[in-house]
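As the structure lists them, so they are numbered: ligands from 1, and atoms in each ligand from 1.
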Amino acid sequence: MFDPIEAVKEYIRFPSISTDPAYKAGMEGARNHIAGILQRMGCEVEIVPAGLHPLVFAQRKGDPSWPHVIIYGHYDVQPADPIEKWDTPPFEPVVKDGKLFARGAADNKGPQMVHVAAAARLLEKHPNIPLRLSFLIEGEEEIGSPSFPDILKRLRDRLNGDFILLSDNMSPNAEQIAITCGFRGIVCINAEVTGPKSDLHSGIHGGALLNPIQALVDLCASLHTPDGRVNIPGFYDAVIPPVDWERAEVAKLPGTTEDYRQFLDIPAFHTIDGLTPQEATRFMPTLEFNGIGSGYQGTGTKTVIPSKAILKISCRLVANQDTTIIEELVIKTLEERCSKKVSLNIQREHCGSPYRVVPPGRSDTPTDQNKHLVAAFQAADKAITEVYGKPPLYTREGGSVPIISDLKKVTGMDSLMIGMFTPDSNLHAPNENLDLAMFLKGIDMSERILAGVAGVSV
Ligand code: BES
Ligand code: ZN
């Protein structure tokens with residue numbers, strides 16, 4: 001059995017930034033690293049070509065009557081920017097105060113290794129265990145999984161599993177584990193407002209034309225009401241209120257709302273409909289501005305009317321909302337509301353559907369839930385309670401992992417998602433980190449879940 005912490009460290013040393021073509025070698029290194037581990041575990045490994053970054057598909061085959069678990073992870077990471085804000089270099093793993101600091105430590109190299117290491121250990125102890133395993137380790141998650149629907153078609157026949165097991169989600173803290181029962185969907189849209197064909201002197205021409213910055217901020221200001229709602233007719237039409245058990249689980253989250261405010265370091269919350277911030281991030285959709293740019297940003301002043309202004313928007317969607325409907329609504333609204341004294345160019349970016357799974361034994365649990373998924377949920381509840389000392393919470397998350405809903409739509413498989421990073425893991429930010437105690441206990445937990453599904457004891 002390999003040393004899981006060393007395996008994560010080595011994985012991290014490959015800078016696998018999927019969005020930046022300069023990191024092609026890092027992508028390849030990370031891909032080969034995880035493929036090598038899976039191969040040494042005895043899996044048949046295939047590198048599946050994709051538009052940009054191939055996917056690693058590995059299988060431990062077996063009798064068709066055995067349960068078949070699909071383990072998902074992604075080997076790509078976010079860019080390390082702003083590099084100067086890191087305390088240690090982002091691609092040199094450093095352990096400090098029980099945490100492993102590096103880009104990708106939490107999202108997703110560490111958490112995926114929990115399940116890879118657990119499977120490796122279980123296969124060593126029980127070489128003949130009646131369990132089929134497939135590993136789907138993707139290289140395009142952080143850029144919206146553009147090739148995944150196509151890959152899914154090609155792998156469809158081999159993805160005849162019972163459920164998906166993954167940890168690309170969050171727990172409230174390293175002792176209180178969450179089983180995530182849903183992700184929000186996402187719709188990304190970029191917009192560019194163009195005024196004059198080139199930048200202009202604001203003294204010579206100011207007063208004659210609409211400044212693209214003004215046109216863009218007027219447009220932005222029209223998209224929310226003062227009480228925080230998205231001001232687009234129809235935006236909330238498909239939203240279904242949370243079920244009682246879901247609100248009760250959220251109410252059990254550790255820490256007060258005031259703790260959360262201090263964590264965010266903001267003067268006040270801005271939520272809608274009397275929801276707590278913890279509910280709003282899980283149960284409601286949003287329209288967020290992720291980037292805005294135009295004009296002179298340097299030191300001092302520059303009297304210019306810029307030619308262009310750009311905007312990046314993403315909407316988070318909740319269960320039952322449709323990405324195409326929301327994308328069309330937002331684009332139509334932008335087009336209608338933008339001043340006709342400038343021109344507006346809209347770019348559709350990536351989308352991903354929301355996902356929700358109901359654990360066994362709830363008021364709205366589907367009656368036809370896969371029996372191995374039910375066994376896995378039960379084994380997970382027991383293992384988490386024993387290993388971490390507290391039962392898990394069952395909450396939805398605000399983030400998005402679009403392929404989980406794609407997999408559900410195409411294969412019918414649901415996902416068991418166990419949070420292996422925490423709010424202070426600094427995902428996508430400087431000083432990203434993984435709690436190593438949580439990680440090591442996670443391997444124990446995952447081993448018990450897999451054993452539970454296979455019907456053997458560890
Ligand atoms: N691991 C995250 C998703 C996540 C974050 C789940 C926080 C739960 C809590 C994932 O790698 C991610 O960052 N996804 C992107 C979506 C993608 C389409 C760029 C996201 O949520 O922004
Ligand atoms: Zn991410």
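At a threshold of 4.0 Å, the pair Glu335-Lys332 does not count as salt-bridged, since none of the basic side-chain nitrogens sits closer than that to a carboxylate oxygen. At a threshold of 4.0 Å, the pair Glu327-Arg348 counts as salt-bridged, since one of the basic side-chain nitrogens sits closer than that to a carboxylate oxygen. For the pair Glu386 and Lys382, the salt-bridge criterion is met [side-chain N within less than 4.0 Å of a carboxylate O]. The existence of a salt bridge linking Arg247 and Glu279 is confirmed by a sub-4.0 Å separation between a basic side-chain nitrogen and an acidic carboxylate oxygen. Between Asp424 and Lys99 there is a salt bridge, since a side-chain N of the basic residue sits under 4.0 Å from a carboxylate O of the acidic one. For the pair Arg158 and Glu46, the salt-bridge criterion is met [side-chain N within less than 4.0 Å of a carboxylate O].
Within the 4.0 Å heavy-atom cutoff, His428 counts among the residues contacting ligand 1. Residue-ligand proximity: Arg316 is placed with a non-hydrogen atom under 4.0 Å from ligand 1.
Atom CG of Leu216 sits about 4.5 Å away from atom CD1 of Ile292, to the nearest 0.5 Å.
In this structure, Arg362 is positioned above the aromatic face of Tyr394, its NZ or CZ under 6.0 Å from the six-membered ring centre and within 45° of the axis. No cation-pi contact links Arg396 to Phe183, judged by a cut-off of 6.0 Å to the six-membered ring centre and 45° from its axis.
Near Glu142, with a cut-off below 4.0 Å to any heavy atom, the atoms of ligand 1 are 11 (O), 12 (C), 13 (O), 19 (C). The atoms of ligand 1 that sit less than 4.0 Å from any heavy atom of Gly144 are 18 (C). Each of the following atoms of ligand 1 lies closer than 4.0 Å to a heavy atom of Phe183: 6 (C), 8 (C). Against a heavy-atom cut-off of under 4.0 Å, His74 is close to the following atoms of ligand 1: 11 (O).
Ranking the protein heavy atoms by distance from atom 14 (N) of ligand 1 puts Ser400 O, 2.9 Å first. Nearest protein heavy-atom contact of atom 7 (C) of ligand 1 is Phe421 CZ, 3.8 Å. Residue, atom and distance of the protein heavy atom nearest to atom 18 (C) of ligand 1 are His350 CE1, 3.4 Å. Summary of contacts: the protein heavy atom closest to atom 10 (C) of ligand 1 is Glu141 OE2, 3.3 Å.
Classification of the Phe289-His224 ring pair by plane angle, with boundaries at 30° and 60°, yields perpendicular.
Taking backbone and side chain together, His74 holds no N, O or S atom under 2.8 Å from the Zn ion (ligand 2). Among the atoms of Asp107, an N, O or S atom is found under 2.8 Å from the Zn ion (ligand 2).
The N, O or S atom of Glu142 with the smallest distance to the Zn ion (ligand 2) is OE2.
For Pro402, every heavy-atom contact with ligand 1 shorter than 4.0 Å involves the side chain, none the backbone. Under 4.0 Å from ligand 1, heavy atoms of Asp168 appear from its side chain as well as its backbone. Counting heavy atoms closer than 4.0 Å to ligand 1, residue Arg396 contributes nothing at all. At a heavy-atom cutoff of 4.0 Å, ligand 1 is contacted by no atom of Gln78, backbone or side chain.
In terms of heavy atoms, Met420 sits closest to Ser167 at CG-OG, 3.5 Å.
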